[in-house]
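Structure, as structure tokens:
No hydrogens, no waters, no symmetry mates; every other heavy atom, side chains included, goes into these values. Predicted, not measured: the structure shown is a model, and the values here were computed from it. Residue numbers start at 1 and run along the sequence shown.
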Amino acid sequence: MSVRELVVLGTASQVPTRHRNHNGYLLRWDGEGILFDPGEGTQRQMLRAGVAAHDLNRICVTHFHGDHSLGLAGVIQRINLDQVPHEVTAHFPRSGQRFFDRLRYATAYRETVALTEAPVDTDGTLAVTPAYTLDALKLSHPVESYGYRLTEPDGRRMLPERLAAHGIKGPDVGRIQREGSLDGVPLDEVSEVRRGQRFAFVMDTRLCEGVHALAEGCDLLVIESTFLDEDETLATDHGHLTAGQAARVARDAGVRHLVLTHFSQRYPDPEEFERQARAAGYEGELTVARDLMRIPVPKRR
């Protein structure tokens, strides 16, 4: 059975705390695993969450601040130690190539896996597979940063009552799906578009066009909310979002499930992020992320 879920490995910003590891997020999408922003300690968090190196198909780094990338060295070496049998592709800002190289070869180890580097240097599509299209859009942070968006292709939902009205049943259902029509009956007459699911990952950034574009129409949006609203000036100065800003983005974009994460250690009460997000007018499903949570992608509409 296919699985679509987010495994939260870490939720801290800048420094880990007793209860929050540095960043790390694994998106399970059917048979693939996409690891986002592996900060320090990610390899151990993977162990605690039951995530193996064999589960990884892609690694997506938004930017090269340590809390989003220092775990690369351990994760890459573990991929090689476990001799992952499939190709693993790494996406990261091309401007940070020197940092990626240093982390990839931080210490001596035996390379056994084909790790493909696919740097990002402009907005656009990074990969197209039968299950999804992966895009990147530039964000606004003191160092170059990109957000990532995964979009499933639209499909078709067959309508039993319309099929029955036209006498289409059994093998003919598959035939009209493959051929687009059957005995003069077009596929559109007996089916409707089934909208593909959408996921976006938005880390360190101020409000900008990229944030809104990434969030638009998402079923699941993972977005940083480093600061509370009373510290909005501080957030803007350091290239971050507040809980209220993130929630308004989600509200305006029609996001179904909002996941807030990347919290500053200055705030002792994580529930305040949820209160401010609700006060900002977001009414959809809302999760204030905790380490080792599993969050399912919402079912199709």
Side-chain angles (χ1 to χ4, degrees), residues 6 8-17 19-25 36-40 60-71 92-93 95-96 99 120 123 136-149 200-216 218 220-253 255 258-282 286-291:
L6 179 76
V8 180
L9 302 173
T11 56
S13 70
Q14 195 171 38
V15 297
T17 71
H19 305 290
R20 296 186 183 276
N21 197 75
H22 266 168
N23 287 280
Y25 311 84
F36 294 91
D37 278 7
E40 183 180 352
C60 294
V61 177
T62 59
H63 67 292
F64 283 100
H65 277 153
D67 53 328
H68 297 260
S69 62
L70 281 175
F92 52 88
S95 61
F99 302 123
V120 184
D123 292 353
L137 290 175
K138 195 169 185 179
L139 299 173
S140 175
H141 197 53
V143 300
E144 189 171 39
S145 183
Y146 285 88
Y148 296 94
R149 178 180 169 97
F201 184 79
V202 178
M203 281 297 118
D204 298 16
T205 183
R206 305 172 182 90
L207 288 175
C208 64
E209 290 183 8
V211 173
H212 295 284
L214 287 161
E216 184 60 35
C218 275
L220 185 64
L221 170 65
V222 181
I223 187 169
E224 69 120 313
S225 58
T226 308
F227 292 94
L228 292 174
D229 290 345
E230 55 266 30
D231 293 320
E232 182 174 332
T233 299
L234 190 62
T236 301
D237 289 346
H238 288 83
H240 287 290
L241 298 174
T242 69
Q245 288 175 327
R248 284 188 288 274
V249 167
R251 178 198 65 193
D252 295 345
V255 169
L258 170 64
V259 178
L260 299 178
T261 188
H262 194 270
F263 307 110
S264 171
Q265 69 273 18
R266 71 184 62 218
Y267 305 114
D269 181 10
E271 292 184 1
E272 185 61 25
F273 288 88
E274 180 174 1
R275 287 192 286 268
Q276 292 195 0
R278 291 302 188 192
Y282 179 73
L286 173 61
T287 298
V288 176
R290 301 188 310 274
D291 289 18

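- Here the closest heavy-atom approach between residue Tyr146 and residue Leu139 is recorded as C-CD1, 3.8 Å.
- Minimum interatomic distance between Pro93 and Val61 (heavy atoms only, all atoms of both residues): CD-O, 3.4 Å.
- Between the side chains of Asp204 and His63, a donor-acceptor pair is found at a separation under 3.5 Å.
- Note that the NE2 atom of His68 and the CD atom of Glu224 stand 7.5 Å from one another [nearest 0.5 Å].
- Within the 3.5 Å criterion, the main-chain N or O of Pro16 finds no donor-acceptor partner in the side chain of Asn21.
- For the atom pair OG (Ser140) and CD (Glu209), the distance works out to 11.0 Å, reported to the nearest 0.5 Å.
- Proximity of a side-chain donor or acceptor of His262 to a complementary backbone N or O of Thr226 within less than 3.5 Å is not detected.
- Thr17 contributes a side-chain N or O that, together with a main-chain N or O of His19, makes up a donor-acceptor pair within less than 3.5 Å.
- Although no hydrogens or angles enter the test, the distance criterion places a donor-acceptor pair under 3.5 Å between the side chain of Asp123 and the main chain of Lys138.
- Residues Arg266 and Asp231 are in side-chain contact: their nearest non-hydrogen atoms beyond the backbone lie under 4.5 Å apart.
- The two residues Phe273 and Asp269 have their closest heavy-atom pair at CD1-O, 4.3 Å.
- In this structure, the separation between CG on Leu241 and CE on Met203 is 9.5 Å, given to the nearest 0.5 Å.
- Across Ala280 and Ala247, no two heavy atoms sit closer than the pair CB-CB, 3.9 Å.
- Atom OH of residue Tyr267 and atom OG of residue Ser13 lie 9.0 Å apart, to the nearest 0.5 angstrom.
- Among residues two or more places apart in sequence or in another chain, the salt bridge (Lys or Arg N to Asp or Glu O under 4.0 Å) test is passed with Glu272 by Arg275.
- Remark: side-chain polar atoms of Asn23 are paired, donor with acceptor, to backbone N or O of Ala12 under 3.5 angstrom.
- Counting non-hydrogen atoms of neighbouring residues, nucleotides and ligands closer than 6.0 angstrom, the NE2 atom of His212 exceeds 12 such neighbours.
- Side-chain contact between Ile223 and Leu260: present, with at least one pair of heavy atoms (C-beta onward) separated by less than 4.5 Å.
- Residues Pro268 and Pro270 come closest through the heavy atom pair O-CD, 3.3 Å.
- For CZ of Arg278, the number of neighbouring non-hydrogen atoms (other residues, nucleotides, ligands) closer than 6.0 Å is greater than 12.
- Distance check: His141 NE2 to His238 NE2 gives 10.0 Å after rounding to the nearest 0.5 Å.
- Ring geometry for Phe99 against Phe64 counts as tilted: the plane angle lies between 30° and 60°, on a 0 to 90° scale.
- Arg149 places a side-chain N or O within 3.5 Å of a backbone atom of Glu216 that can act as its donor or acceptor partner.
- Nearest heavy atoms, Gly10 versus Thr261: O-OG1, 4.4 Å.
- In this structure, Thr242 contributes its side chain and Phe227 its backbone to no donor-acceptor pair below 3.5 Å.
- Atom CD of Glu274 and atom CG of Leu258 lie 10.0 Å apart (nearest 0.5 Å).
- The closest donor-acceptor contact from the side chain of Tyr148 to the backbone of Cys60 lies at 3.5 Å or more, if one exists at all.
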From CA spacing to verdict: side chain to side chain donor-acceptor pair (under 3.5 Å), Thr236, Arg206: CA-CA 6 Å; Thr236 301; Arg206 305 172 182 90; over 6 Å; no
